[in-house]
Amino acid sequence: MGWSRLDRRRVLLYGPPPLDQPHPMMPEAPRTDGEPTDRELVELSQKGDGAAFARLVERHQRQLYRLALRMTGSEADANEVLQEAFLNAWQKLPAFRGESQFSSWLYRIAANSALMRLRRKRRAPDGLPDQPLELQAPKFSSEGLLDPPPYSDWSQRADEKMMSSQLGVAIEKAVQELPEDYRTVFLLKDVDGLSNEDIATSLDLTVPAVKSRLHRARLALREKLGDFFGA
Amino acid sequence: MIEHCKECVDLLGDYVEGQLPPEQEKALETHLSMCMPCITFVRTYKATRRLCRTALAKEMPSELMGALSSFLGKHVPGFSCPKSKQGQPEAVAPDSELKKG
Ligand SMILES: [Zn+2]
């Protein structure tokens, strides 16, 4: 019931969430908690049921907030993006045909709203010229060996130090220093747990482009954390 | 067969997400079983994700949820905030497994 062909296709497409990164929203159905599926709530909302729409909002607001926050970089903007996006969704809902998952459709709306807001605001960014694409990356010898090899395995120490505020500051700084395109993808994926597909939809990228930015961002951050740990 | 660390590093993105085709995954693990620098590399690559997640995870503040509800309440007829339904699965932060530090 309420477990449509589309939903099923989505599960096939995305597979189960990777073990190390539970995705909070996917796959959509079937729900084991007896709650209605998104699709059912969408159908009710399309008939004007505001309470059903409220449940959709309740269900998706957190993840949409993360998207808006990462894209705009400000809590106040994220708040406005969210209001605009959900209102927009409510107004456009009668035209929603369900070819895509409701959540992807919603991401797209919120991402557009965030982009418009950014465009309106984008003054000459304070002294930062177009970011040079100098991402740090590991180095290899001509034979393709890691050169220099990583001397120390700081992953162990990292766990002891996990909560140190110095480390927190170092991470904030390292992530801030990433070029924006890389930073947004990295935050959405590795911090917020969106799927590559949802990120691609939201940012209008291909999935391979998402993966490539993600990997390069991780490599650059890994180098910087290595510096922090003196590795 | 993976001979070079570079190939190994290139595949890590998919590897840590469990998205490598089985043959490639096997080849990579074979390389890992013989190459200490790559083992260290993989561990620190994974730790990078873990640390960033712990340091940077953000939850939607409850005031914002309230503001959103009252905003939508003004524009959507019949909009009623389902006062935190018990056990909404989406309420689980994606970093829950990392909360221990
Ligand atoms: Zn190697």
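The chains referred to below are lettered A, B, ... by the order of the sequence lines, with proteins before strands, and numbering in each begins at 1.
A:Ser155 has its side chain out of reach of B:Lys46: every pair of non-hydrogen atoms, C-beta onward, lies at least 4.5 Å apart. B:Pro77 is not listed as a side-chain neighbour of A:Phe53, based on a closest heavy-atom distance of 4.5 Å or more. Side-chain contact between A:Trp154 and B:Leu51: present, with at least one pair of heavy atoms (C-beta onward) separated by less than 4.5 Å. Taking the side chain as every heavy atom from C-beta outward, A:Val191 and B:Lys58 never approach each other to under 4.5 Å. Looking only at side-chain heavy atoms (C-beta outward), A:Leu219 and B:Thr48 stay at 4.5 Å or farther from each other. Looking at heavy atoms from C-beta onward, A:Asp192 lies out of side-chain contact with B:Arg53 at the 4.5 angstrom threshold. Contact annotation: the side chain of B:Glu3 never approaches that of A:Glu143 to less than 4.5 Å [non-hydrogen atoms, C-beta and beyond]. By the 4.5 Å heavy-atom criterion applied to side chains, B:Leu68 and A:Val57 are counted as neighbours.
Here the side chain of B:His75 pairs no donor or acceptor atom with the backbone of A:Leu87 at under 3.5 angstrom. Not one N or O on the side chain of B:His4 forms a donor-acceptor pair closer than 3.5 Å with the backbone of A:Phe140.
Atoms OG1 and CG, from B:Thr40 and A:Asp153 in turn, are 5.0 Å apart once rounded to the nearest 0.5 Å. Between B:Met36 atom CE and A:Leu146 atom CG the span is 12.5 Å, to the nearest 0.5 Å. A:Gln83 contributes atom CD, which lies 7.5 Å from atom OG of B:Ser70 (distance to the nearest 0.5 angstrom).
Residue B:Phe71 touches chain A through its side chain alone, counting heavy-atom pairs closer than 4.5 Å. Neither the backbone nor the side chain of A:Gln91 comes within contact range of chain B; no heavy atoms are under 4.5 Å apart. Only the side chain of B:Leu72 comes within contact range of chain A, with at least one heavy atom under 4.5 Å from a heavy atom of that chain. Residue contact with chain A, scored on non-hydrogen atoms closer than 4.5 Å, involves the backbone and the side chain of B:Cys38 alike. For A:Phe86, the parts lying under 4.5 angstrom from a heavy atom of chain B are both the backbone and the side chain. For A:Leu145, the parts lying under 4.5 angstrom from a heavy atom of chain B are both the backbone and the side chain.
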Next on the checklist: Using ring pair (Phe, Tyr, Trp, His ring centres under 6.0 Å), reason through A:His215 and B:Tyr15 one step at a time and then give a plain yes or no.
Outcome noted: CA-CA 11 Å; A:His215 184 53; B:Tyr15 177 65; over 10 Å; no
Next on the checklist: Between B:Leu12 and A:Arg218, does the side-chain contact (heavy atoms from CB on, under 4.5 Å) criterion hold? Intermediate values first, please.
Outcome noted: CA-CA 10 Å; B:Leu12 278 190; A:Arg218 290 168 180 163; over 6 Å; no
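Taking 4.0 Å as the cut-off between side-chain N and carboxylate O, B:Glu59 and A:Arg66 count as a salt-bridged pair. Between B:Glu17 and A:Lys189 a salt bridge is recorded (basic side-chain N to carboxylate O distance below 4.0 Å). A salt bridge links A:Asp190 and B:Arg49; the closest N-O separation between the charged side-chain nitrogens and carboxylate oxygens is under 4.0 Å.
Contact detail for B:Phe79 and A:Ala54: the closest heavy-atom pair is CE1-CA, 3.4 Å. Closest of all the heavy-atom pairs between B:Pro37 and A:Pro150 is O-CG, 3.4 Å. Across every non-hydrogen atom of A:Arg70 and B:Leu56, the tightest pair is NH2-O, 3.0 Å.
In summary, the side chains of A:Arg222 and B:Thr44 do present a donor paired with an acceptor at a separation below 3.5 Å, with no hydrogens or angles considered.
Interface remark: of the candidates B:Ala47, B:Gly73, B:Cys52, B:Cys52 forms the most heavy-atom pairs closer than 4.5 Å to chain A. Contacts with chain B were tallied for A:Asp147, A:Leu187, A:Asn196, A:Leu214; A:Asn196 has the most, counting heavy-atom pairs under 4.5 Å.
Annotation: B:Lys6, atom NZ; neighbour count of heavy atoms from other residues, nucleotides and ligands within 6.0 Å does not exceed 12.
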